[in-house]
Each structure stands twice: as structure tokens, then as C-alpha cells.
Amino acid sequence: FSLGWEARLADPLASWCELRLGRTIRIPMSPADVPVLIEVIKQTNQLTGLFMQGKYGRGGFQKVIEQPGLSEIQDLRVGQLSLTEAKSLSEATHLTKVRTLDLERGRFDARVVPLLEASTHLHQIETLRLAHCKKLGDEGFKALAQLTRFPQLKVLDLSATQSNDEGVAALFAGQAF
């Protein structure tokens with residue numbers, strides 16, 4: 001189906017959103033698009049994938065992620081997430097089917113790891129991507145090494161996320177791996 005936004009697609013680093021329901025629909029994201037996206041979610045059940053990146057406006061991400069229509073999401077990719085938005089994700093207890101969680105280019109620091117650890121609805125994740133999360137650093141690597149509540153985790157992507165030898169050593173010596 002058409003959302004009338006196809007003409008506004010831009011470069012891959014721009015703001016965008018994709019919905020997957022048998023196929024992927026990619027749409028740009030801005031604060032003005034949040035109410036439209038929420039309406040689409042309300043009208044569409046059994047979404048299996050949601051890919052978002054951009055600026056959602058004050059409370060916009062929380063309004064999107066708390067939609068009950070996202071309860072079937074298995075692949076959740078949210079680029080450029082802030083720590084406040086990550087807290088909203090950690091409180092979205094209806095997201096029990098997420099298997100891939102991609103938080104690429106997150107604008108959060110190591111405090112995101114305890115949020116994920118405390119999110120019991122996310123403990124079935126098989127793939128966690130924290131690529132290009134420049135603020136994660138050594139403390140984030142050390143916190144990731146202590147993860148104990150993700151028994152299904154098979155892939156931890158930290159590509160282009162910087163840490164020194166101490167952080168990397170902690171990660172490889174940690175309980176999680």
C-alpha cells in the first residue's frame with residue numbers, strides 16, 4: 001500500500017522509517033510524521049519489522065513505541081536513539097517477540113546497558129546491534145560483559161564502536177560470552 005511519502009525518500013543517513021508487513025515500506029521521519037505513523041500502526045496488525053531513524057520530536061518516539069500494534073515486531077531497528085528514548089523502549093513491555101534489536105548510531109552512553117538488562121520483555125533477543133555508538137565506550141563494553149539475562153543472544157555487533165584494550169578485554173572475559 002502507499003503512504004504517499006515515497007517522493008520524500010532521501011539519502012540513507014537522513015531521517016526515515018520502514019514498516020514490514022510481508023514487505024518493507026520505507027518512509028522519512030520527522031516530528032510531523034509521528035501522528036501519521038501512529039495511525040498506520042493502528043490500522044495495520046501483524047507488523048513484523050519496524051525500522052526508524054530521525055527526529056521524532058518531544059515524546060514522539062515514546063508515542064510510537066508504546067503502540068499495541070507493534071506487539072508482533074520481531075525486527076526492531078532504531079537509529080540515533082537517545083538515552084531518554086531508550087528508556088521508553090525499555091518500558092515497552094508489549095515488545096515480547098523482538099529477536100533483532102538494532103540501535104545503530106545511538107546517542108546514548110553506557111547507561112543504556114542496565115536499561116536493556118532490566119527489560120525482561122527483551123531477554124529473548126538473538127541479535128543486538130550497537131554499531132557506531134560512539135558514546136558507549138569502555139564503560140559500555142564492561143557493562144555488556146556482565147550481561148546475564150540474554151540467553152538467546154548469538155550476535156553482538158559493536159562495529160565502529162570505540163573502546164580501548166581494557167573495555168575489549170572486559171568484554172571477552174565477561175560472563176555473557
Side-chain angles (χ1 to χ4, degrees), residues 16-22 24-25 27 29 33-35 37-133 135-136 139-159 161 171 174-177:
W16 50 266
C17 175
E18 292 181 4
L19 302 170
R20 183 181 298 156
L21 178 64
T24 299
I25 300 166
I27 54 178
M29 274 302 297
D33 296 317
V34 168
L37 176 58
I38 289 171
E39 250 339 281
V40 170
I41 292 169
K42 286 179 179 177
Q43 294 174 17
T44 310
N45 58 8
Q46 298 182 348
L47 285 172
T48 59
L50 177 62
F51 307 169
M52 298 171 53
Q53 177 173 298
K55 299 184 191 244
Y56 314 107
R58 189 175 186 98
F61 178 78
Q62 180 179 359
K63 290 175 186 170
V64 171
I65 208 67
E66 68 187 13
Q67 295 302 308
L70 297 179
S71 63
E72 298 296 316
I73 294 290
Q74 296 170 21
D75 190 354
L76 180 59
R77 300 176 189 210
V78 186
Q80 302 174 347
L81 200 68
S82 71
L83 187 60
T84 301
E85 292 162 341
K87 187 173 186 313
S88 297
L89 175 62
S90 74
E91 295 169 351
T93 58
H94 60 289
L95 298 177
T96 60
K97 296 187 179 181
V98 174
R99 297 295 178 264
T100 299
L101 180 60
D102 185 340
L103 304 178
E104 185 173 328
R105 299 185 192 284
R107 296 176 287 132
F108 44 73
D109 56 24
R111 294 176 290 176
V112 76
V113 178
L115 283 176
L116 294 173
E117 182 84 2
S119 305
T120 57
H121 60 285
L122 296 176
H123 289 173
Q124 73 289 346
I125 289 174
E126 297 171 1
T127 301
L128 177 60
R129 290 193 176 101
L130 298 169
H132 299 275
C133 295
K135 294 182 181 179
L136 200 57
E139 294 308 311
F141 275 57
K142 290 175 187 175
L144 287 166
Q146 300 304 312
L147 287 178
T148 58
R149 297 188 179 157
F150 292 91
Q152 305 299 319
L153 189 64
K154 295 175 184 155
V155 176
L156 176 62
D157 180 357
L158 294 167
S159 57
T161 299
L171 184 63
Q175 300 169 10
F177 307 98

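No side-chain heavy atom of Leu81 sits less than 4.5 Å from a side-chain heavy atom of Val112. Within the 4.5 Å cutoff, side-chain heavy atoms of Leu130 are placed close to those of Leu144. Residues Ile73 and Thr48 fail the side-chain proximity criterion, which asks for heavy atoms closer than 4.5 Å. Between Gln152 and Ile125, every side-chain heavy-atom pair lies at or beyond the 4.5 Å cut-off.
In this structure a side-chain-to-backbone donor-acceptor pair under 3.5 Å is present from Arg99 to Lys97. Using modelled atom types, no side-chain atom of Ser119 and backbone atom of Leu122 make a donor-acceptor pair closer than 3.5 Å. Checking side-chain atoms of His132 against main-chain N and O of Ser159 turns up no donor-acceptor pair under 3.5 Å. Between the Glu85 side chain and the Ser82 main chain, a donor and an acceptor come within less than 3.5 Å of each other. Using a distance-only test at 3.5 Å, with no hydrogens or angles considered, no donor-acceptor pair links the side chain of Gln74 to the main chain of Thr100. Looking at Gln124, its side chain does come within 3.5 Å of a backbone N or O of His121 through a donor-acceptor pair. Between the side chain of Gln67 and the backbone N or O of Lys63, at least one donor-acceptor pair lies under 3.5 Å. With Arg107 contributing its side chain and Gln80 its backbone, the two residues share a donor-acceptor pair below 3.5 Å.
Considering all non-hydrogen atoms of both residues, Leu171 and Ala145 come closest at CA-CB, 3.6 Å. When all heavy atoms of Pro151 and His123 are compared, the pair lying nearest together is CD-O, 3.6 Å.
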- Test Thr120 against Thr93 for side chain to side chain contact (heavy atoms under 4.5 Å, CB included), laying out the working first. CA-CA 8 Å; Thr120 57; Thr93 58; over 6 Å; no

Decide yes or no on side chain to side chain donor-acceptor pair (under 3.5 Å) for Gln62 and Thr84, but give the supporting numbers first.
CA-CA 9 Å; Gln62 180 179 359; Thr84 301; over 6 Å; no

Apply side chain to side chain contact (heavy atoms under 4.5 Å, CB included) to residues Leu50 and Val78 and explain how you reach the verdict. CA-CA 8 Å; Leu50 177 62; Val78 186; over 6 Å; no

Decide yes or no on side chain to side chain contact (heavy atoms under 4.5 Å, CB included) for Asp75 and Phe51, but give the supporting numbers first.
CA-CA 8 Å; Asp75 190 354; Phe51 307 169; 3.6 Å; yes

*Audit row: Asp102, Asp157, side chain to side chain contact (heavy atoms under 4.5 Å, CB included) steps and yes/no*: CA-CA 9 Å; Asp102 185 340; Asp157 180 357; over 6 Å; no

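Rounded to the nearest 0.5 angstrom, Leu156 CG and Thr127 OG1 are separated by 9.5 Å. Put simply, CG on Leu101 and CG on Leu153 are 10.5 Å apart, with the number rounded to the nearest 0.5 Å. One distance of note links OG of Ser90 with CG of Leu116; it measures 7.5 Å at 0.5 Å rounding. Here the straight-line distance linking atom CG of Asp109 with atom CG of Leu83 works out to 6.0 Å at 0.5 Å rounding. A distance of 6.0 Å separates OG1 in Thr161 from CZ in Phe141, rounded to the nearest 0.5 Å. Annotation: the span from Ile41 atom CD1 to Ile65 atom CD1 amounts to 8.0 Å, rounded to 0.5 Å.
The pair Glu104-Arg129 does not meet the salt-bridge criterion, since no charged nitrogen lies less than 4.0 angstrom from a carboxylate oxygen.
At most 12 non-hydrogen atoms from other residues, nucleotides or ligands lie less than 6.0 angstrom from CZ of Arg111.
Using the six-membered ring where Trp is involved, Phe61 and Tyr56 have ring planes that are tilted, between 30° and 60° apart.
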